[in-house]
Amino acid sequence: MAPMHSLRTHTCGELRREHTGLTVRLSGWLHRKRDHANVLFLDLRDHYGVVQCVLDGASPLLKTAEALRLESVITVTGQVVARAPDAINPRLATGEVEVAVGELTIQSTADPLPLPVNSDTELPEETRLRYRFLDLRRERLHRNIVLRSRVIASIRRRMIESGFMEFQTPILTSSSPEGARDYLVPSRVHPGKFYALPQAPQQFKQLLMTSGFDRYFQIAPCFRDEDGRADRSPGEFYQLDVEMAFVTQEDVFAALEPVLHGVFVEFAEGAAVTPPPFPRIPFGEAMAKYGSDKPDLRNPLLIADVTEVFRGSTFSAFATPVASGAVVRAVRAPGAAAQPRSFFDKLGQWAREQGAPGLGYVILADGGARGPIARFLDADRLAQLAAATGARDGDACFFVCDGKPAAERLAGRVRLRLGEELGLIEPNAFRFCWVTDFPMYELNEDTKKIEFSHNPFSMPQGGLEVLEKADPLTIKAFQYDIVCNGVELSSGAIRNHRPDIMYRAFAIAGYGRDEVEARFGGMLNAFKYGAPPHGGSAPGIDRIVMLLAGETNIREVIAFPMNQQAQDLLMQAPGPVAPERLKELHIKLDLPNADGEGSSRR
RNA sequence: GGGCUCGUGGUGCAGCCUGGUUAGCACACUGGACUGUCAAUCCAGAGGUCGCGGGUUCAAAUCCCGUCGAGCCCGCCA
């Protein structure tokens with residue numbers, strides 16, 4: 001008989017009734033301990049699960065085992081024993097058996113723990129990040145990281161099955177134009193010059209299309225020196241980066257929809273998933289109906305334009321701004337007539353916190369209208385309001401009056417808030433849509449200059465002719481986002497593969513020919529030797545996993561995330577470097593004054 | 001860069017609004033008891049510059065100011 005493996009013959013999660021009688025060897029962490037003096041239970045945990053091990057009073061190992069601290073790593077050898085019927089633990093996959101310990105080896109002892117591993121209590125994030133290796137042992141985070149791996153494997157399989165090829169592109173590359181701040185890496189060989197970490201492999205994937213490859217994808221790390229948010233990891237994140245040659249916008253949608261739909265159905269555990277084709281919502285319509293460029297379609301409420309209801313009315317707080325170009329947007333609150341006064345006061349207070357002067361509302365009840373501004377609306381105007389919003393007796397309507405963009409944005413937030421407050425959000429569902437036809441340019445309110453509103457490499461709708469003739473602010477791009485449950489998963493575009501159009505597009509944004517050549521010479525030059533029409537997209541992997549894991553914080557699906565200040569508390573990054581290293585990189589530090597002891601700049 | 005919230009033994013929280021006892025509870029830790037538990041239980045113990053600095057006061061964890069740190073948000077994120 002072959003000798004037994006020195007560490008394990010089985011995993012902690014796999015023992016079942018049919019293993020009864022086998023002598024097994026298990027290794028794992030001491031998850032929990034229940035000590036009855038003459039019988040000691042050890043719950044042993046590994047990646048695969050937990051199993052109960054038993055030592056009885058006669059065991060010479062008892063004293064050693066009793067003294068073990070939680071999270072120590074041990075190897076036990078013993079016989080799998082069926083539990084008595086009244087001792088079965090139905091909450092444990094291995095609960096029908098236990099292991100009668102005959103041998104016990106201590107592999108690694110644990111100090112007293114800075115955070116509990118065997119409990120799911122909430123812990124402050126700073127503690128969790130400092131001891132991430134312990135946090136990762138805990139069930140929730142461990143499960144999320146396993147899910148992440150499975151999701152990525154599924155995406156990769158689906159992409160390859162759809163005829164895409166996986167590529168790698170450089171991490172040390174050149175600074176990209178526009179967009180976020182770059183992370184820079186100094187060059188030792190070229191004094192004063194820097195590599196940049198890619199904000200996305202944007203130009204490389206377009207170069208690959210120009211190189212004659214047809215369907216590119218990459219699970220690509222992206223680096224952006226921007227501040228974090230709950231749904232935005234500072235520093236780095238991963239994209240499913242996709243690019244296709246000889247495609248229209250619809251071809252890109254048709255390629256990505258089955259992948260996303262398939263992945264979500266696979267991991268959504270029965271939740272509803274929008275079947276392809278996903279709804280397409282033009283940007284202008286998204287702003288008008290949902291007050292957002294990332295509409296949450298689980299929310300059934302729609303914003304209505306009720307400017308005409310108030311135009312010329314006696315409610316001067318709205319009528320006066322309307323006369324000079326403001327608009328009024330309404331959100332219906334179904335059944336809100338039954339809400340107490342505090343409901344309306346609370347929303348008004350919230351709106352003021354959002355920077356609005358307040359939140360007008362009308363309650364439709366008992367065939368009439370009440371509320372602070374009801375008396376300003378006669379029967380005709382109320383009928384007009386009901387027609388525009390679909391409001392019926394028993395509903396309320398909330399109003400926002402401002403310039404069009406501000407009114408749309410606030411109405412969008414009111415829509416979200418009402419959906420939540422009134423419990424209208426469709427549960428257990430992933431609702432996808434494409435938001436299309438983004439404007440090519442926008443006006444920077446501070447500088448009054450025209451800027452690219454998204455990707456400067458997007459193809460303007462209408463091509464060169466439109467660029468030359470139309471008001472730039474009216475030009476749309478073949479630019480689109482994928483949105484799921486109000487989360488922006490990706491943006492993408494049909495690219496501008498024509499140097500002549502590119503020069504013109506950049507000229508409108510104030511970039512001269514020389515500057516364009518200096519900054520994207522590599523790609524621009526490539527387009528002068530025969531470039532295919534192409535386009536793609538880049539859904540965020542972390543956000544996909546976040547949605548599937550039911551998490552609202554992206555750090556819950558990243559094994560080793562940085563905190564909001566872009567520090568790695570576990571590895572102590574960023575950290576200082578030795579003066580010799582700086583010298584060979586030709587770098588002298590010019591630090592801000594550290595008169596406050598400089599404790600924030602370690 | 002700005003706004004809001006938070007900071008109390010190793011860990012999570014209470015106490016703060018309304019200043020005044022020995023700063024309380026749970027988990028972990030140490031010792032003890034216990035033949036079947038599965039969040040084991042019971043008894044005992046150790047462990048605290050109440051983030052830091054200043055102020056008000058007879059007296060500050062508590063009130064005020066400043067500062068540092070964390071989270072969320074705004075800015076930023078082609």
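Values in this document were obtained by computation on a predicted structure and should not be read as measured data.
Here the two rings, on Y441(A) and F452(A), have centers that are under 6.0 Å apart.
Under the 4.0 Å criterion applied to side-chain N and carboxylate O atoms, D500(A) and R498(A) are assigned as salt-bridge partners. A salt bridge links K63(A) with E66(A); the closest basic N to acidic carboxylate O contact falls under 4.0 Å. Using a 4.0 Å cut-off between charged side-chain N and carboxylate O, E71(A) and R45(A) make a salt bridge.
No hydrogens or angles considered: a donor-acceptor pair under 3.5 Å links the side chains of Q218(A) and T169(A). With hydrogens and angles left out, the side-chain atoms of Y290(A) and D296(A) include no donor and acceptor closer than 3.5 Å.
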Under 3.5 Å, N/O pairs linking protein and nucleotides 74-76 of chain B:
{"from": "rC74(B)", "atom 1": "OP2", "to": "R229(A)", "atom 2": "NE", "distance (Å)": "2.8"}
{"from": "rG75(B)", "atom 1": "N7", "to": "R229(A)", "atom 2": "NH2", "distance (Å)": "2.7"}
{"from": "rG75(B)", "atom 1": "O6", "to": "D227(A)", "atom 2": "OD2", "distance (Å)": "3.4"}
{"from": "rG75(B)", "atom 1": "O6", "to": "R229(A)", "atom 2": "NH1", "distance (Å)": "3.0"}
{"from": "rG75(B)", "atom 1": "O6", "to": "R229(A)", "atom 2": "NH2", "distance (Å)": "3.2"}
{"from": "rG75(B)", "atom 1": "N1", "to": "D227(A)", "atom 2": "OD2", "distance (Å)": "2.5"}
{"from": "rG75(B)", "atom 1": "N2", "to": "D227(A)", "atom 2": "OD2", "distance (Å)": "3.3"}
{"from": "rC76(B)", "atom 1": "O2'", "to": "E226(A)", "atom 2": "OE1", "distance (Å)": "2.4"}
{"from": "rC76(B)", "atom 1": "O2'", "to": "E226(A)", "atom 2": "OE2", "distance (Å)": "3.4"}
{"from": "rC76(B)", "atom 1": "O2", "to": "R232(A)", "atom 2": "NH2", "distance (Å)": "3.0"}
{"from": "rC76(B)", "atom 1": "N3", "to": "R232(A)", "atom 2": "NH1", "distance (Å)": "3.4"}
{"from": "rC76(B)", "atom 1": "N3", "to": "R232(A)", "atom 2": "NH2", "distance (Å)": "2.9"}

Between the protein and nucleotides 38-41 of chain B, are there any N/O to N/O pairs under 3.5 Å, and if so, what are the atom names and distances?
{"from": "rC38(B)", "atom 1": "O4'", "to": "R34(A)", "atom 2": "NE", "distance (Å)": "2.9"}
{"from": "rC38(B)", "atom 1": "O2", "to": "Q52(A)", "atom 2": "OE1", "distance (Å)": "3.3"}
{"from": "rC38(B)", "atom 1": "O2", "to": "N89(A)", "atom 2": "ND2", "distance (Å)": "3.1"}
{"from": "rC38(B)", "atom 1": "N3", "to": "R83(A)", "atom 2": "NH1", "distance (Å)": "2.6"}
{"from": "rC38(B)", "atom 1": "N4", "to": "R83(A)", "atom 2": "NH1", "distance (Å)": "3.4"}
{"from": "rC38(B)", "atom 1": "N4", "to": "A87(A)", "atom 2": "O", "distance (Å)": "2.4"}
{"from": "rA39(B)", "atom 1": "OP1", "to": "R91(A)", "atom 2": "NH2", "distance (Å)": "2.9"}
{"from": "rA39(B)", "atom 1": "OP2", "to": "R91(A)", "atom 2": "NH2", "distance (Å)": "2.1"}
{"from": "rA40(B)", "atom 1": "OP2", "to": "R32(A)", "atom 2": "NE", "distance (Å)": "3.1"}
{"from": "rA40(B)", "atom 1": "OP2", "to": "R34(A)", "atom 2": "NH1", "distance (Å)": "3.0"}
{"from": "rA40(B)", "atom 1": "N7", "to": "D35(A)", "atom 2": "O", "distance (Å)": "3.4"}
{"from": "rA40(B)", "atom 1": "N6", "to": "D35(A)", "atom 2": "O", "distance (Å)": "2.4"}
{"from": "rA40(B)", "atom 1": "N1", "to": "H36(A)", "atom 2": "ND1", "distance (Å)": "3.4"}

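Within 4.0 Å of E71(A), counting heavy atoms only, lies no atom of the nucleic acid at all. Residue-level contact check: R555(A) touches the backbone only, with heavy atoms under 4.0 Å from sugar-phosphate atoms and none from bases. Among the heavy atoms of the strands lying under 4.0 Å from E125(A) are primed sugar atoms or P, OP1, OP2 only; no base atom is included. Using a 4.0 Å heavy-atom distance criterion, N553(A) is classed as a sugar-phosphate-only contact.
With P as the reference atom, rG47(B) and rG3(B) are 42 Å apart, rounded to whole Å. Comparing the same atom, C1', in rG36(B) and in rU21(B) gives a spacing of 45 Å after rounding to whole Å. As rounded to the nearest Å, rU22(B) and rG9(B) have C1' atoms that lie 16 Å from one another. Using P as the reference atom, rU8(B) and rA40(B) are 27 Å apart when rounded to the nearest Å. Taking the P atom of each, rA14(B) and rU5(B) are spaced 16 Å apart, rounded to whole Å. rC16(B) and rU57(B) have their P atoms separated by 24 Å, given to the nearest Å. Taking atom C1' in both rA61(B) and rC77(B), one finds a spacing of 40 Å when rounded to whole Å. Rounded to whole Å, the C1' atom of rG71(B) lies 27 Å from the corresponding atom of rA60(B).
Checking rC29(B) for Watson-Crick or G-U wobble geometry (two distances, each under 3.5 Å) identifies rG45(B) as its partner. Pair check for rG71(B) finds rC4(B); Watson-Crick or G-U wobble, both atom distances under 3.5 Å. For rC16(B), there is no paired nucleotide, since no Watson-Crick or G-U wobble pair has both relevant distances below 3.5 Å. In this structure, rA59(B) forms no base pair with any nucleotide, since neither Watson-Crick nor G-U wobble geometry is met with both distances under 3.5 Å. The pairing partner recorded for rG36(B) is none, the criterion being a Watson-Crick or G-U wobble arrangement whose two distances lie under 3.5 angstrom.
Of the side-chain N and O atoms in N563(A), one or more sit less than 4.0 angstrom from OP1 or OP2 of rA70(B). Listed pair R130(A) / rA70(B) fails the phosphate criterion, with no side-chain N or O lying under 4.0 Å from OP1 or OP2. Residue Q199(A) places no side-chain N or O under 4.0 Å from the OP1 or OP2 atom of rC77(B).
For the pair L55(A) CG and rU35(B) C1', the interatomic distance rounds to 13 Å; values are reported in whole Å. Residue E96(A) contributes atom CD, which lies 22 Å from atom P of rG36(B) at whole-angstrom precision. For the pair E126(A) CD and rC72(B) C1', the interatomic distance rounds to 15 Å; values are reported in whole Å. Across the protein-nucleic acid pair, L569(A) atom CG and rG71(B) atom C1' stand 12 Å apart, rounded to whole Å. Straight-line distance from the CD atom of E66(A) to the P atom of rU37(B): 17 Å, rounded to whole Å. Rounding to whole angstrom units, CD of residue Q564(A) and C1' of rG2(B) are separated by 13 Å.
Annotation: of the two residues near RNA chain B, A200(A) and M562(A), the 5′-most nearest-nucleotide partner is M562(A).
Contacts of L418(A) classified as side-chain contact (heavy atoms from CB on, under 4.5 Å), with partners at least two apart in sequence or in another chain: L301(A), V331(A), A333(A), F343(A), L347(A), F398(A), V414(A), L422(A). By the side-chain contact (heavy atoms from CB on, under 4.5 Å) test, R32(A) is found to be paired with R34(A), D43(A), N118(A), residues two or more places apart in sequence or in another chain being considered.
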Salt bridge (charged side-chain N to carboxylate O under 4.0 Å, His left out), that's the test. Do E243(A) and R495(A) meet it? Break it down for me. CA-CA 10 Å; E243(A) 199 73 7; R495(A) 318 299 173 185; 2.8 Å; yes
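Atom OH of Y48(A) has 12 or fewer heavy atoms from other residues, nucleotides or ligands within 6.0 Å. Counted within 6.0 Å of CD on Q107(A), heavy atoms from surrounding residues, nucleotides or ligands total more than 12; the atom is thus considered enclosed.
Between C12(A) and S27(A), the shortest heavy-atom contact is SG-O, 3.7 Å.
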Pairs of donor and acceptor atoms involving the side chains of residues 88-97 of chain A, under 3.5 Å and at least two apart or interchain, shall be tabulated with distances.
{"from": "N89(A)", "atom 1": "OD1", "to": "R91(A)", "atom 2": "N", "distance (Å)": "2.9"}
{"from": "T94(A)", "atom 1": "OG1", "to": "V50(A)", "atom 2": "O", "distance (Å)": "2.6"}
{"from": "E96(A)", "atom 1": "OE1", "to": "R17(A)", "atom 2": "NE", "distance (Å)": "2.9"}
{"from": "E96(A)", "atom 1": "OE1", "to": "R17(A)", "atom 2": "NH2", "distance (Å)": "3.2"}

Which parts of nucleotides 3-13 of chain B does protein reach within less than 4.0 Å, heavy atoms only, written one letter per nucleotide 5' to 3' as B for base, S for sugar-phosphate only and - for none? -------SSS-
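Classified by interplanar angle (parallel below 30°, tilted 30° to 60°, perpendicular above 60°), the ring pair F253(A)/W434(A) is parallel.
In this model, no side-chain donor or acceptor of Q565(A) finds a partner on the base of rG71(B) within 3.5 Å.
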